[in-house]
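For reference, the structure is listed below as structure tokens.
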2 protein chains.
Amino acid sequence: MSMNLPPLVQSFVLHFGEMGSRWGINRTVGQIYALLYVSPGPLCADEIVAALGISRSNVSMGLRELQAWSLVLLKHLPDDRRDFFTTPDDIWLILRTLAEERKKREVDPTLSVLREILMEQPASDIERHAQQRMAEMHNMIERLTTWYDDVKQLDQERLATLLTLGSRVTRLLETTDRIVSLGRKRRPTTKG
Amino acid sequence: MSMNLPPLVQSFVLHFGEMGSRWGINRTVGQIYALLYVSPGPLCADEIVAALGISRSNVSMGLRELQAWSLVLLKHLPDDRRDFFTTPDDIWLILRTLAEERKKREVDPTLSVLREILMEQPASDIERHAQQRMAEMHNMIERLTTWYDDVKQLDQERLATLLTLGSRVTRLLETTDRIVSLGRKRRPTTKG
DNA sequence: CGGTAGTTTCAGAAATTTCTGAAATTACCA
DNA sequence: TGGTAATTTCAGAAATTTCTGAAACTACCG
């Protein structure tokens, strides 16, 4: 059985399928997501089967995984017993969800393992050195995640500002430093 | 054959091995990286074989992949024919490398596929809608990568400032807006 | 109840990825 | 040139992941 889609949609779906493995999901999961993302309305499982040419059970499992990622939502249409599925409309929301889930799965476990190991007493110079390296890694990850936790709260407008400003922010900071004198350089640790 | 490592290092190495699949690398590649990362000096391939208890050829392939990612460097010690390997010391450099490589492999291809598809002429309402969704995705990714390309130029100190400031940046921006009047709201597109 | 439309589960088949040992290759030295 | 130490390649074995069809389950209806 093979795909049955408008050519332009098919290219997109196939690409997501191929990239799937690089993104840590599998081919069909990638395809299902891509299909739902570009579809004008919710689809039911059998429509996905027909569109992608894969087995019903595979679709069921794929949808299950995508729901676990909160990247696909279950919908019910009136007077229809079937389950329908969509992706959230707001692309920024999608991005946040993705970031959130990846952090949860790919970063948090490492952070907690690092913390555990850093509690241990080193028994040799080798171990002492290893701990030091782990501490560096831990600190970096922690700084990044703190920044992320902080920035993710921003509403879309401010996020947009931040994005368009980019690195010019720091130049601005230096100016502000001089003018408003929030500067850490001028007065060491006033800590307001 | 099994591992032969100080317990504290072993925990770290095993964790990186397990996480490997979530990060899009395989178990042994993760382990090799972890081992080199915490080792006090460069190691040669046979030392890695001994430490991790895997085959020589597997180590060779793993190192090859890590070098392709620029996460592991080849070193030569004086009066020694063997190849030795290390990870870069500077953890911020490691982070940049990682970001750069992931972008290259996980984002850029999608961006270019999206561009291609967006050039096509839609042949139906379905395709028109699909293109619109793809355009949203394309724009978002482009904004993010532009921001990233911009911010990655920053030296470490400024990056640190940016990180510790986090979302407070926007509050600061509003203040600055009022004081220095760089504001986009007050005077539309003065563009300095 | 029994029937039906829909969904999920799961054991094993199929496909893919990872790993190994043996052979080939490279680089250096005398 | 031949000898040796180190490294890489690669075909197939082993392990893992993905996918399927059949069976089980769920919920609604008459």
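A note on names: the letters A, B, ... follow the listed sequences, proteins ahead of strands, and every chain is numbered from 1.
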Any ion pair linking A/Arg96 and A/Glu100 (charged N to carboxylate O, less than 4.0 Å)? no
Is the side chain of A/Arg158 donor-acceptor paired with the backbone N or O of A/Gln153 at a distance under 3.5 Å, no angle test? no
What integer distance in Å separates A/Ile54:CD1 from C/dA14:C1'? 15 Å
Atom CG of B/Leu63 and atom C1' of D/dT9: how far apart are they, to the nearest Å? 15 Å
C/dT8, D/dA6, D/dC19: which one has an atom nearest the side-chain heavy atoms of B/Arg82? D/dA6
Whole-Å distance between D/dT18 P and A/Leu52 CG? 17 Å
Non-hydrogen atoms of A/Pro42 and A/Glu47 that approach each other most closely: O-OE1, 4.2 Å
Looking for any heavy atom pair under 4.0 Å, which part of the strands does A/Arg81 touch: base, sugar-phosphate only, or nothing? base
Report yes if a side-chain nitrogen or oxygen of B/Ser60 is closer than 4.0 Å to either non-bridging phosphate oxygen (OP1 or OP2) of D/dT9; otherwise report no. no
Quick check: does any side chain N or O of B/Arg133 sit under 3.5 Å from a backbone N or O of A/Tyr37, one acting as donor and the other as acceptor? yes
Interatomic distance where CG belongs to A/Leu74 and P belongs to D/dT26 [whole Å]: 17 Å
Base, sugar-phosphate, or nothing for A/Asn58, non-hydrogen atoms under 4.0 angstrom? base
Reckon B/Ser21 touches a base, only the sugar-phosphate, or nothing at all at heavy-atom distances under 4.0 Å? nothing
If you compare every side-chain N and O of B/Asn26 against the phosphate oxygens of C/dC19 (OP1, OP2), does one of them come in below 4.0 Å? yes
Rounded to whole Å, how long is the line connecting atom CE of B/Met61 with atom P of C/dT20? 11 Å
Using only side-chain N and O atoms of A/Ser57, determine if any of them is under 4.0 Å from OP1 or OP2 of C/dT7. no
Counting only side-chain nitrogens and oxygens, does B/Ser55 get under 4.0 Å of the OP1 or OP2 atom of C/dG21? no
Could you work out which one of C/dC19, D/dT8, C/dT7 sits closest to the side chain of B/Arg56? D/dT8
Using atom CG of A/Leu77 as one end and atom C1' of C/dG6 as the other, report the distance to the nearest whole Å. 14 Å
Starting at CZ of B/Arg64 and ending at P of C/dC19, how long is that distance when rounded to a whole Å? 16 Å
Cationic tip of B/Arg105 within the cone over B/Trp69's six-membered ring, i.e. under 6.0 Å and within 45° of the normal? yes
B/Phe85 CZ to D/dT7 P, straight-line distance once rounded to whole Å: 7 Å
